[in-house]
Amino acid sequence: QVQLVESGGGLVQAGGSLRLSCAASGSIFKINAMGWYRQAPGKQRELVAVITSSDSTSYADSVKGRFTIARDNSENTVFLQMNSLKPEDTAVYYCNAEVVVSAFPTYTMTSWGKGTLVTVSV
C-alpha cells in the first residue's frame with residue numbers, strides 16, 4: 001500500500017503565500033507523475049498542477065504565474081508553492097501520485113492523500 005500525507009494548509013490573507021507538502025510512503029518502486037488537485041465547497045475537484053518524473057510541469061490557467069510545483073524524488077515528496085493567494089483559491093487541496101509498486105510484473109496504482117484545507121481571507 002501507498003500513503004500520501006499532505007501538510008502546510010492553513011488560513012492566510014489575500015496576497016499571502018503558503019507552501020504545501022505531500023510525502024509518499026509505503027511500497028514504492030518509483031513514482032511517475034505527482035500532482036495537486038483542489039475542491040472548493042460545492043464544486044468539483046479540479047487539477048491545479050502536475051509534475052512528471054522528468055520534471056515537466058503543467059498548471060491550471062487560474063494559477064499560472066502564482067503557483068509552482070516541485071518534487072524531491074529522494075524523499076518521494078511533492079511541493080506546491082502558492083503565492084499571491086486569492087479568496088477563490090480557498091479549497092481542500094489533495095495530493096495525487098501515480099506509483100509504480102513493482103516493476104516485474106509491472107503494477108501501477110494511483111494514490112490520493114486525505115487533503116489539507118487552504119483558506120484565503122479577504
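None of the values given here were measured: they were computed from a predicted structure.
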(request) Name all pairs fulfilling the side-chain hydrogen bond (donor to acceptor under 3.5 Å, both in side chains) condition that reach into residues 112-122, sequence neighbours left out, sorted by first residue then second. (result)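 Listed by first then second residue: nothing to list.
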
So which atom in [X] and which in [Y] form the shortest heavy-atom distance, rounded to 0.1 Å?
| X | Y | result |
| --- | --- | --- |
| Leu18 | Gly8 | CD2-O, 3.8 Å |
| Arg66 | Leu85 | NH1-CA, 3.9 Å |
| Val99 | Ser111 | CG2-OG, 4.4 Å |
| Ala40 | Thr90 | CB-O, 3.6 Å |
| Gly9 | Val118 | CA-CG2, 4.1 Å |
| Ala33 | Val50 | CB-CG2, 4.1 Å |

(message) Using modelled atom types and a 3.5 Å cut-off, is there a donor and acceptor pairing between side-chain atoms of Ser62 and backbone atoms of Ala60?
(response)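 Flag not set: sc Ser62 to bb Ala60 has no pair under 3.5 Å.
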
(message) Is the shortest side-chain heavy-atom distance between Glu6 and Leu20 below 4.5 Å?
(response)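 No, too far: nothing below the 4.5 Å cut-off.
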
(message) Do Ile28 and Val101 have side chains that approach each other closer than 4.5 Å (heavy atoms only, starting at C-beta)?
(response)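 Of all side-chain heavy-atom pairs linking Val101 with Ile28, none is under 4.5 Å.
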
(request) Would you mind listing the cluster partners of Val100? Hydrophobic ones only (ILVMFWY), side-chain contacts under 4.5 Å, chaining allowed. (result)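 Answer for Val100: Phe29.
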
By salt bridge (Lys or Arg N to Asp or Glu O under 4.0 Å), which residues pair with [X], not counting sequence neighbours?
| X | result |
| --- | --- |
| Asp61 | Lys64 |
| Glu46 | Arg38 |
| Arg45 | none |

(message) Listing request: all disulfide (SG to SG under 2.5 Å) pairs with a residue in residues 39-84, at least two apart in sequence or in separate chains.
(response)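 Those involving residues 39-84 do not exist here.
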
(request) Just grab all the disulfide (SG to SG under 2.5 Å) pairs involving residues 5-38, residues at least two apart or on different chains. (result)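 Passing the test, one end in residues 5-38: Cys22-Cys95.
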
Go through the structure and list residues passing side chain to side chain donor-acceptor pair (under 3.5 Å) with [X], not counting sequence neighbours.
| X | value |
| --- | --- |
| Ser74 | Asp72 |
| Ser54 | Thr52 |
| Glu98 | Asn32 |
| Gln81 | Asn83 |

(message) Other residues, nucleotides and ligands only: do more than 12 of their heavy atoms fall within 6.0 Å of CD on Glu88?
(response)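 Yes, enclosed.
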
Between [atom1] on residue [X] and [atom2] on residue [Y], distance to nearest 0.5 Å:
| X | Y | atom1 | atom2 | result |
| --- | --- | --- | --- | --- |
| Asn76 | Arg71 | CG | CZ | 8.0 Å |
| Leu4 | Asn96 | CG | CG | 7.5 Å |
| Ile69 | Tyr59 | CD1 | OH | 6.5 Å |
| Ser53 | Asn73 | OG | CG | 7.5 Å |
| Gln3 | Ser25 | CD | OG | 4.5 Å |
| Gln44 | Tyr37 | CD | OH | 13.0 Å |

(request) Evaluate the criterion side chain to side chain contact (heavy atoms under 4.5 Å, CB included) for residue pair Val78 and Ile51; output intermediate values, then yes/no. (result) CA-CA 9 Å; Val78 63; Ile51 184 167; 4.1 Å; yes

(message) Would a single hydrophobic cluster contain both Leu47 and Val92, if residues Ile, Leu, Val, Met, Phe, Trp and Tyr are joined by side-chain heavy-atom contacts under 4.5 Å?
(response)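 Yes, same cluster.
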
(request) Would you kindly confirm whether Met109 and Met34 end up in one hydrophobic cluster when ILVMFWY residues are joined by side chain heavy atoms under 4.5 Å apart? (result)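 Yes, Met109 and Met34 fall within the same hydrophobic cluster.
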
(message) Suppose the criterion is ring pair (Phe, Tyr, Trp, His ring centres under 6.0 Å): which pairs have a residue in residues 76-99, not counting sequence neighbours?
(response)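 Applying ring pair (Phe, Tyr, Trp, His ring centres under 6.0 Å) to every pair that reaches into residues 76-99, excluding sequence neighbours, yields nothing.
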
